[in-house]
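The figures that follow rest on heavy atoms only: side chains count, while hydrogens, waters and symmetry mates do not. Bear in mind that the values here come from a model prediction, so they are computed numbers and not experimental data. Numbering starts at 1 and runs along the sequence shown.
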Amino acid sequence: MTHPDPVTHPETHPAPTPLDLLARGTVVPAHPLALDAERRLDERRQRALTRYYLAAGAGGIAVGVHTTQFAIREPSVGLLRPVLELAAETVDREAGRPVVRVAGACGYTAQAVAEAELAAGLGYDAVLLSPQVPGADEAGLLDRARAVGEVLPVIGFYLQEAVGGRYLSPSFWRALADIPSVVAIKTAPFDRYRTAEVVDAVANADRAADVALYTGNDDAIITDLLTPYRTRGGTLRWFAGGLLGQWAVWTHTAVRLLAEVRRARAGDHDLTVELLRRAPQLTEANAAVFDVRGAFRGCIAGVHEVLRRQGLLDGTWCLDPAEQLSPGQAEELTRVCKAHPCVTDDTFVAEHLDDWLR
């Protein structure tokens, strides 16, 4: 089945639900955690971040994921519920439109189900299910997804090995796509071969038409979004949108980018060429944000540093004091921002910052 870009006609179609929006494709930033110098939750700036994503035009937010820091779940920290609540309340009060609320869920089945139940009670629409389950085989991961899917719709997640992921076979992805509660798959192996395997596996699943593909390959965002995949069965598939840590920064530009991608897919050849020209610039910027030279050690701090420079965060503090910018990372961020200003949205943030921090 071909997945064309959506064309909506408000006069004849009802407003989309959040899951409709997810299916059609949208920008979903992975929400960071705002802390003060004492490493306590900074509620004012946490809300400001959510307001930023809404004002930038993001179609969703993902909270409680890697960018939010998995340590929020530790009993000594106790921030999972407060952070999920803050984001949900801000969306409820201020969005004024459908927004997909995605909650991260981690751990073995009992923990993942409990986190999904918490998210459901707070009004979340779907769960991004972390694949980091030590000792679990593929059958166990599928059983876990089925259990979580009894609570909320599930977004599968292919995570790169450099940050704790593992290889998962095409048969796993096809079986996952055929679980009735699975609505999307975030493909983030940072590997072109594995990305193509997932697309082909999903396209050959019985529920192929019901599962949206989202890029999580922060190193190949534009390439993923512009590539039509012709699968073995002759099906044409596109990535519908992105659920990305990279889109936690410069989000206004990301929203414009997805709109341009849709125009390019519709036949704008010159725009396609221009987007391909920009693709390595965005990848280079991501390398600085995610600290590729430092083996991703400073990836969360890098996201924080961009937001700190824009005034959205007060510092780069993480729950773990050892999570800091790597040597030279700040200088590399400065360099790529000067070299590729088209990837940034500093002017947009400056124009609205005071309102978001109210």
For G245 and D218, the nearest pair of non-hydrogen atoms, with its separation, is N-OD2, 3.3 Å

Does the ring center of W247 lie less than 6.0 Å from the ring center of Y53?
-> no

Using the test side-chain hydrogen bond (donor to acceptor under 3.5 Å, both in side chains), find all partners of S171 that sit at least two apart in sequence or belong to another chain.
-> S169

Write down the atom of P189, the atom of T195, and the distance for their closest heavy-atom approach.
-> CG-OG1, 3.6 Å

Any side-chain donor paired with an acceptor under 3.5 Å for N286 and T283?
-> no

salt_bridge(R194, E197) N-O dist < 4.0 Å = no

OG1-CG distance between T215 and L258, expressed to the nearest 0.5 angstrom | 11.0 Å

Measure the spacing between CG of L128 and CG of L152 and express it to the nearest 0.5 Å.
-> 12.5 Å

Hey, could you give me the CZ/CG distance between R44 and D36, rounded to the nearest 0.5 Å?
-> 12.0 Å

Ignoring hydrogens and angles, write down the donor-acceptor pairs under 3.5 Å from the side chains of residues 103-121, residues two or more places apart or on other chains.
unit_1 : atom_1 : unit_2 : atom_2 : d
Y108   : OH     : P134   : O      : 2.6
Q111   : NE2    : E115   : OE2    : 2.9
E115   : OE1    : R73    : NE     : 3.0
E115   : OE1    : R73    : NH2    : 3.4
E115   : OE1    : C106   : N      : 3.0
E115   : OE2    : R73    : NE     : 3.0

From CA spacing to verdict: salt bridge (Lys or Arg N to Asp or Glu O under 4.0 Å), R166, E138 = CA-CA 11 Å; R166 55 184 278 196; E138 291 188 352; 5.5 Å; no

At their closest point, which heavy atom of A62 faces which heavy atom of V28, and how far apart are they?
-> N-CG1, 3.8 Å

How close do L357 and L312 get, heavy atom to heavy atom, and via which atoms?
-> CD2-O, 4.5 Å

Under the criterion salt bridge (Lys or Arg N to Asp or Glu O under 4.0 Å), which of R40, R45, R39 is the partner of D42?
-> R45

Between F190 and F290, how do the two ring planes meet: parallel, tilted or perpendicular, split at 30° and 60°?
-> parallel

Do the numbers put K186 on top of the ring of F157, so that NZ or CZ is under 6.0 Å from the six-membered ring centre and no more than 45° off the axis?
-> yes

Taking all atoms of both residues into account, what is the closest heavy-atom pair of Q281 and C342, and its distance?
-> OE1-SG, 3.2 Å

May I have all residue pairs that pass ring pair (Phe, Tyr, Trp, His ring centres under 6.0 Å) and include part of residues 329-358, sequence neighbours excluded?
-> Y52-W356, H252-F348, F348-H352, F348-W356, H352-W356

Would you mind listing every salt bridge (charged side-chain N to carboxylate O under 4.0 Å, His left out) that reaches into residues 199-209, with sequence neighbours excluded?
-> D200-R232

Test ring pair (Phe, Tyr, Trp, His ring centres under 6.0 Å) applied to W250 - qualifying residues, sequence neighbours left out | none

With sequence neighbours left out, what residues match T50 under side-chain hydrogen bond (donor to acceptor under 3.5 Å, both in side chains)?
-> H31

For the atom pair CD (Q324) and CD1 (I300), what is the distance rounded to the nearest 0.5 Å?
-> 13.0 Å

Does R144 pair with E150 as a salt bridge, N-O distance under 4.0 Å?
-> no

Connected via hydrophobic side-chain network under 4.5 Å: F70 and L35 = no

V273 versus D270: any side-chain heavy-atom pair under 4.5 Å?
-> no

Salt bridge (charged side-chain N to carboxylate O under 4.0 Å, His left out): pairs with one or both residues in residues 286-297, sequence neighbours excluded = R293-E332

Sequence neighbours left out, what passes salt bridge (Lys or Arg N to Asp or Glu O under 4.0 Å) with R192? Give chain and number order.
-> D224

Write down the atom of L333, the atom of G302, and the distance for their closest heavy-atom approach.
-> CD1-O, 4.2 Å

Does CD belonging to E43 count more than 12 external heavy atoms closer than 6.0 Å?
-> no

Do the side-chain N and O atoms of D219 and Q246 include a donor-acceptor pair separated by under 3.5 angstrom?
-> no

Provide the full list of salt bridge (charged side-chain N to carboxylate O under 4.0 Å, His left out) pairs with a residue in residues 56-72, sequence neighbours left out, each pair given once.
-> none

Interatomic spacing from CG in L244 to CD1 in I221 - rounded to 0.5 Å = 4.5 Å

Heavy-atom check, side chain of D191 versus side chain of Q160, under 4.5 Å = no

Which residues satisfy the salt bridge (Lys or Arg N to Asp or Glu O under 4.0 Å) test with R81, sequence neighbours excluded?
-> E85

In T334, T316, D346, the residue satisfying side-chain hydrogen bond (donor to acceptor under 3.5 Å, both in side chains) with R309 is T334

Knowing that exactly one of R47, R51, R101 qualifies, which makes a salt bridge (Lys or Arg N to Asp or Glu O under 4.0 Å) with E89?
-> R47

Atom pair CG/OG of D210 and S181 - distance to nearest 0.5 Å | 11.5 Å

Can you name the residues that form a side-chain hydrogen bond (donor to acceptor under 3.5 Å, both in side chains) with E274, not counting sequence neighbours?
-> R277, R278

Pairs involving residues 171-182, ordered by first then second residue, that meet salt bridge (charged side-chain N to carboxylate O under 4.0 Å, His left out) (sequence neighbours left out) | none

